[in-house]
Trainee: 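Quick one: this structure, given as structure tokens, is what I'll be asking you about.
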2 protein chains.
Amino acid sequence: MAPVSTLGYALLSLLTRGPATGYDLTRRMREPIGYFWVAQHSQIYPELDRLADAGHVEVHEGEGPGPRAKKTYTITESGRDALAEWLPEPPAFQPRSEMVLKAYAANSADPVRMAELYQSIADVAAERLETWRAELEMMAEQGFSRPSHPRFGNYAVLKMGLESQRVTYDWATWLASRLREVVSEHDGAD
Amino acid sequence: MAPVSTLGYALLSLLTRGPATGYDLTRRMREPIGYFWVAQHSQIYPELDRLADAGHVEVHEGEGPGPRAKKTYTITESGRDALAEWLPEPPAFQPRSEMVLKAYAANSADPVRMAELYQSIADVAAERLETWRAELEMMAEQGFSRPSHPRFGNYAVLKMGLESQRVTYDWATWLASRLREVVSEHDGAD
DNA sequence: ATTTTCATGTAATCTGTTACATGATTAC
DNA sequence: GTAATCATGTAACAGATTACATGAAAAT
């Protein structure tokens, strides 16, 4: 049996929320799990074929709006089992952040522009922070914060999104202000 | 001119710390920037060739320990210019965290094992938190925290690493304890 | 009328990982 | 003597992005 990729497990996870088409999954992939895992439809369609071949999903074909049939996927028992086995395994750590990478070489570029960059990053984070804080509160009111709730995972992911934005906001704000110090020091010396 | 990849800019960033061989860069890539960007030597060697072709690095060949010549790379003015242009541009956001993805489907697996998973993640984060806190303090004492210091970037990256571990610790601890609630509720009901 | 949404696919390319391959020197 | 470190490379494969391609229905 061909092993399931991380994307495959991500799709199975999304399908625990109910049957969906590839198109649906492309959008479901955006919020909130998209804050921590992304995929384009060109990656999703072939992956669904593979999951179907492995018996982890069942396909139901119907009339499509375009020239092709619309395919609705449902997770199978085999899919649930595979997911349940994968979940408790230690996750791979795959760090990749251009935002932080750029900070590593921050003083190789114009400090004014770098300060602007991190200020704008902080501004975006501040906005998201507000939006997501409100969303999280709404979720809590709807009972999502109880671990037995079927959408508890959405709550947990959004909570992490919120904390991450908070850290980004604090760090980018700190970095921007430090970079502005360089500019004013320089001005004073000239 | 072939455009420089993100990995190429990462290598140029590392080379602002001084000339290095591919082997050196493979290790320099580990701390602290490796907390946010990783690359294997098999990716680094061909990328250095490309940077050399583009004139962004200069190569000096010497006697190697093995069968091949040892190549030392130095960043050129052209390399510094390319880096300085890339740095202030808005970074791509490339989120990929299996750790959070697994939380999205947390209640599709055995809560005992999931609680253990997030507890062990929290434990690892707690250890790193301590180590990195001490490292960051040492850096501050050596003056790295001043934005004009040539290693300010190391400080900024490690600071972000520290904050990220703190968030991971808090979140994973919260998640583990919530998952344990499910178990005790279940026990009570049985 | 035009754009957005729904809906599915493929091809070309780029990026990244794992494995294979060589060999001297230094540390245990 | 065995393992780790220094040092550079390639090949095969897997994973991900961008672009191309089609076409109906609904919304603006």
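Side chains are part of it too, since the values below use all heavy atoms of this structure and drop only hydrogens, waters and symmetry mates.
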Trainee: Phosphate oxygens OP1/OP2 of D:dT5: is one of them under 4.0 Å from a side-chain N or O of B:R27?
Mentor: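 Answer is no, no contact under 4.0 Å.
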Trainee: Can we say B:E47 and B:R50 salt-bridge, meaning some charged N sits less than 4.0 Å from an Asp/Glu carboxylate O?
Mentor: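 Salt bridge: yes.
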Trainee: Check whether any side-chain N or O of A:R96 sits under 4.0 Å from OP1 or OP2 of C:dT15, and answer yes or no.
Mentor: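 The answer is no; no side-chain N or O of A:R96 sits under 4.0 Å from OP1 or OP2.
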Trainee: Between B:T72 and A:W37, just flag the one whose closest nucleotide in DNA chain D comes earlier from the 5' side.
Mentor: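 Its nearest nucleotide lies further toward 5', so the answer is B:T72.
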Trainee: Within less than 4.0 Å of OP1 or OP2 of D:dG9, is there a side-chain N or O belonging to B:K71?
Mentor: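 Checking D:dG9 against B:K71, a side-chain N or O does come within under 4.0 Å of OP1 or OP2.
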Trainee: Under 4.0 Å: is that the gap between some side-chain N or O of B:S42 and OP1 or OP2 of C:dA19?
Mentor: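 No, no such contact exists.
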Trainee: Assuming nearest nucleotide by heavy-atom distance, tell me which of B:P67 and A:G66 is located more 5' along DNA chain C.
Mentor: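 Taking each residue's closest nucleotide, the earlier one in sequence belongs to A:G66.
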Trainee: Using only side-chain N and O atoms of A:Q43, determine if any of them is under 4.0 Å from OP1 or OP2 of D:dA16.
Mentor: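 Answer yes for this pair, as a side-chain N or O of A:Q43 is under 4.0 Å from OP1 or OP2.
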Trainee: Measuring to OP1 and OP2 of D:dG9, would you say a side-chain N or O of B:Y45 lies under 4.0 angstrom away?
Mentor: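 It does not, given that no N or O in the side chain of B:Y45 lies less than 4.0 Å from OP1 or OP2 of D:dG9.
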Trainee: Send over the distance from B:R68 CZ to D:dG9 C1', rounded to a whole Å.
Mentor: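 Roughly 4 Å, once rounded to whole Å.
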Trainee: Rounded to the nearest Å, what distance is computed from the CD atom of residue B:E98 to the C1' atom of nucleotide C:dT17?
Mentor: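 After rounding, the reported distance stands at 14 Å.
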Trainee: With sequence neighbours excluded, what pairs up with A:E58 under the salt bridge (charged side-chain N to carboxylate O under 4.0 Å, His left out) test?
Mentor: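 With neighbours one apart ignored, the set is empty.
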Trainee: Start at the 5' end of DNA chain C and walk down; is the nucleotide closest to B:R50 or to A:D49 reached first?
Mentor: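 Here A:D49 is the residue nearer the 5' end.
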